[in-house]
**Student:** 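There's a structure below that I have some questions on.
Since the model is a prediction, treat every value here as computed from it, not as a measurement. Numbered from 1 within each chain, the chains take letters A, B, ... in sequence-line order.
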Number of protein chains: 2
Amino acid sequence: MATMRDVARRAGVSAKTVSRVFNHDPHVSVVTKERVETALRELNYVPSTLSTTFRSGRAPVIGVAVPDIADPFFGALAKAVEAVAAVHGMSVVMTSLGEDPTREPAIVQSLLRQSLSGLVIAPIAGDQSYLDAWVARTRLVFVDRRASGIVADSFTEDDHAGAQLATRHLVEHGHVRIGFLGDSTAIPTSRGRLVGYRAALLDAAIDYDESLVVLGALDRRSAAAAFAALERLEEPPTAIFASNARVTMSLVPVLRGHGHLALAGFGDFPMADMLDPSVTVIDQDPAALGTLAAQRILDRLAHPRRRYRRHTVLPVELVERASCLSTG
Amino acid sequence: MATMRDVARRAGVSAKTVSRVFNHDPHVSVVTKERVETALRELNYVPSTLSTTFRSGRAPVIGVAVPDIADPFFGALAKAVEAVAAVHGMSVVMTSLGEDPTREPAIVQSLLRQSLSGLVIAPIAGDQSYLDAWVARTRLVFVDRRASGIVADSFTEDDHAGAQLATRHLVEHGHVRIGFLGDSTAIPTSRGRLVGYRAALLDAAIDYDESLVVLGALDRRSAAAAFAALERLEEPPTAIFASNARVTMSLVPVLRGHGHLALAGFGDFPMADMLDPSVTVIDQDPAALGTLAAQRILDRLAHPRRRYRRHTVLPVELVERASCLSTG
DNA sequence: GCCCGCTGTGTCACCGGTGACATGAAATGT
DNA sequence: ACATTTCATGTCACCGGTGACACAGCGGGC
């Protein structure tokens, strides 16, 4: 691929002059300009971002680190980040953090070595103090979950209010024994949702029964096992609150086999309205998270000393469908 | 962030020596090595990939350009690419090409300016000759759809056989009037599936009726419109073949309202087995496409002059569920 | 005629890790 | 004891676009 010096040689000028022509610097004579433009065209010059990136020490790239890029929630989030980045001539590097919190630091740091302009991260580990050294260099924005161990911007959704809303909704449909099915309380979002669930019970003066809280529902098999644990209770639940979309989806086939319990889940998912019964959910807006996060990175790049709101919590809303109507 | 020269100054050696220690070059005395290692630790040195990338002219990055990264199919594909790349210390830049084929060249070229090690692309345009200049520099691998206008590796799925299989399946369930609902025949995959559909009809000695082929079913609304066009026919279809998962999903609510037609779709999707009726589909393997594509890029990087099979077509299989049983 | 400013263009250095090569000292071989 | 190899370490240049600065030539104002 032709470099600027190649073009310069062909046009009989210095590389700097080519640079000027390429960047529409007015201080170039018309004759020179035309000669250079011809050479540019003839050599099919395409500038490499490498040198500018190297010189500036900052790649025109925004990183996105999420638990799983194939998850529709994070897919939508990433897509939104990319849309914002593209408008500003930036690219997006993506990485899946997976399930193992201990691997998070290594994965994220190998991303950061690329001198990203910013990083949007939905962490899986309980502590991000390993990012301490990077806070000054890279604009870090947390989404879905707040940072812990460091101070960084965050855009999250109202886990507490959403879970409270969904649980209250089940209570209003006459349920008293409401199970909480989740993945792991190591994840802050799940913790927040559990707290919201408890708050709704408290509001309704329903005693909190720890045996109704079952974790580890990661896929259909483990969801079945978790559900079985609830069924074995002396007083099994008549309704279930699923702490995220993955749990809800894993639960659908399980509930199908075991009579109809009421179900409400945190997080909408494709086809939720087409299932029988259609699933009542708390609707999140991953695209909004992504857009805001990307925007914040660009804002901070453009205005390094401006001050911003540290934590933004987006409201969520209940999408009422049929699954909360049925009773065991 | 500390550079090698910073470390060198602190340890009282040259930058090169630091480089040697960092890369475990045995030609360093134990004393020096320890002094350097201390300095490395004290300054918390993390190498920047920027300089090496610049010098080598090749970023340790694989690009992934797909129509929509939020689509579960491409999400799974991207995830697989990333998994392979991560093992080799590489990152993945992703970009959505969107819907407008005319924007593809600009989007892809802005990716390529980053001197990627390779690019995995599922194109939306009908012609990739704009990539001509890049073939020599960047390892291009096409997935899901072949390249047109240039010679490049491809990994695709057997659109023809899959569509033929699904259509034959519907025929075997007694259907003669089978509608074909698709997005656009500008997309090569859709074209291939249409051909497969026609082949199955031919096999069964069923006349091909062009009015049974309706395109433009991109979302629920347009799918409804497309379906309405079929319903208006004098002899409406009793079964429908949907040319991709997005069409199938858009069609689910539409069919719900209009009596039960048999349905088979190309491409599985989450919850397809939980719908009522569960949807018979042709199962694709996006992760396999992603893995193979990434692997090919790494292979070509490692063995530049080795020869490879240009085009690989992966088999697909029918997942029989309930939707093909019901009859209008 | 001199200074000033403006214009068009060129030169140089820089960003940071590392390959190619050099250098001086110690170790080994004869 | 001297030649030769090995070893530890250093110096330099490079990758490519561009900011800082230089400089020659020219026109205008005094």
**Student:** Just N and O in the side chain of A/T52: are any of them under 4.0 Å from OP1 or OP2 of D/dG17?
**Tutor:**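 Indeed not, no polar side-chain atom of A/T52 lies that close.
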
**Student:** For C/dG17, take OP1 and OP2 only and decide whether either is under 4.0 Å from a side-chain N or O of B/Y45.
**Tutor:** yes

**Student:** Nearest to the side chain of A/K16, heavy atoms from C-beta on, is which of D/dC15, C/dT9, C/dG10?
**Tutor:** C/dG10

**Student:** Nearest 0.5 angstrom please: A/E37 CD to A/F22 CZ, how far?
**Tutor:** 10.5 Å

**Student:** Atom CZ of B/R55 to atom C1' of D/dA13: distance rounded to whole Å?
**Tutor:**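 After rounding, the gap between these two atoms is 8 Å.
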
**Student:** Heavy atoms from C-beta onward define the side chain here; which of D/dT18, D/dA8, D/dG16 lies closest to that of A/S51?
**Tutor:** D/dG16

**Student:** Tell me what A/V13 touches on the nucleic acid: a base, only sugar-phosphate, or nothing, going by heavy atoms under 4.0 Å.
**Tutor:**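 Sugar-phosphate: the residue A/V13, judged by heavy atoms under 4.0 Å, touches backbone atoms but no base.
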
**Student:** What's A/S29 touching, base or sugar-phosphate or nothing? Going by heavy atoms closer than 4.0 Å.
**Tutor:** sugar-phosphate

**Student:** Are side-chain heavy atoms of A/R246 and A/F73 found at a separation under 4.5 Å?
**Tutor:** no

**Student:** Taking the side chain of B/R20 as its heavy atoms from C-beta onward, which of C/dG16, D/dG10, D/dG17 lies nearest to it?
**Tutor:** D/dG10

**Student:** Just how far, in rounded Å, is P of D/dG16 from CZ of B/R113?
**Tutor:**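 About 15 Å, once rounded to whole Å.
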
**Student:** OP1 or OP2 of D/dT18 less than 4.0 angstrom from a side-chain nitrogen or oxygen of A/S19, does that happen here?
**Tutor:** yes

**Student:** What is the distance, to the nearest angstrom, from the CZ atom on B/F54 to the P atom on D/dT18?
**Tutor:** 11 Å

**Student:** Would one find more than 12 heavy atoms of other residues, nucleotides or ligands at under 6.0 Å from atom CZ of A/R103?
**Tutor:**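 Open.
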
**Student:** What about A/R5, does its side chain sit under 3.5 Å from the base of D/dG17 through a donor-acceptor pair?
**Tutor:** yes

**Student:** A/T17 side chain N/O closer than 4.0 Å to the phosphate oxygens (OP1, OP2) of C/dG10?
**Tutor:** yes

**Student:** Check A/D299 with A/R306, please: is the shortest side-chain N to carboxylate O separation under 4.0 Å?
**Tutor:** no

**Student:** Picking from D/dG10, D/dC15, D/dT9, which would you name as closest to the side chain of B/H27?
**Tutor:**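 For B/H27, the side-chain atoms sit closest to D/dT9.
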
**Student:** State plainly whether the residues B/E34 and B/R41 are in salt-bridge range, i.e. N to O under 4.0 Å.
**Tutor:**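 No, no charged N to carboxylate O under 4.0 Å.
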
**Student:** Of the candidate nucleotides D/dT9, C/dG16, C/dT11, which contains the atom at the shortest distance from the side chain of B/T3?
**Tutor:** C/dG16

**Student:** Could you tell me the separation between the CE atom of B/M1 and the C1' atom of C/dC15, rounded to a whole number of Å?
**Tutor:** 16 Å

**Student:** Between B/L50 (CG) and C/dC14 (C1'), how many Å, whole number?
**Tutor:** 14 Å

**Student:** Looking at D/dA8, C/dT9, D/dA13, which one has an atom nearest to any side-chain atom of B/T32?
**Tutor:**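 Nucleotide nearest to B/T32's side chain: D/dA8.
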
**Student:** Rounded to whole Å, please give me the gap between NE2 in B/H24 and P in C/dT18.
**Tutor:**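 It is 12 Å, rounded to the nearest whole Å.
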
**Student:** Indicate yes or no: does A/R145 engage A/E104 in a salt bridge with an N to O separation below 4.0 Å.
**Tutor:**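 No salt bridge links A/R145 with A/E104.
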
**Student:** Quickly work out the B/Q114 CD to D/dG16 P distance and round it to whole Å.
**Tutor:**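 One finds 17 Å between P of D/dG16 and CD of B/Q114, rounded.
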
**Student:** Rounded to whole Å, please give me the gap between CG in A/L40 and P in D/dG16.
**Tutor:** 16 Å

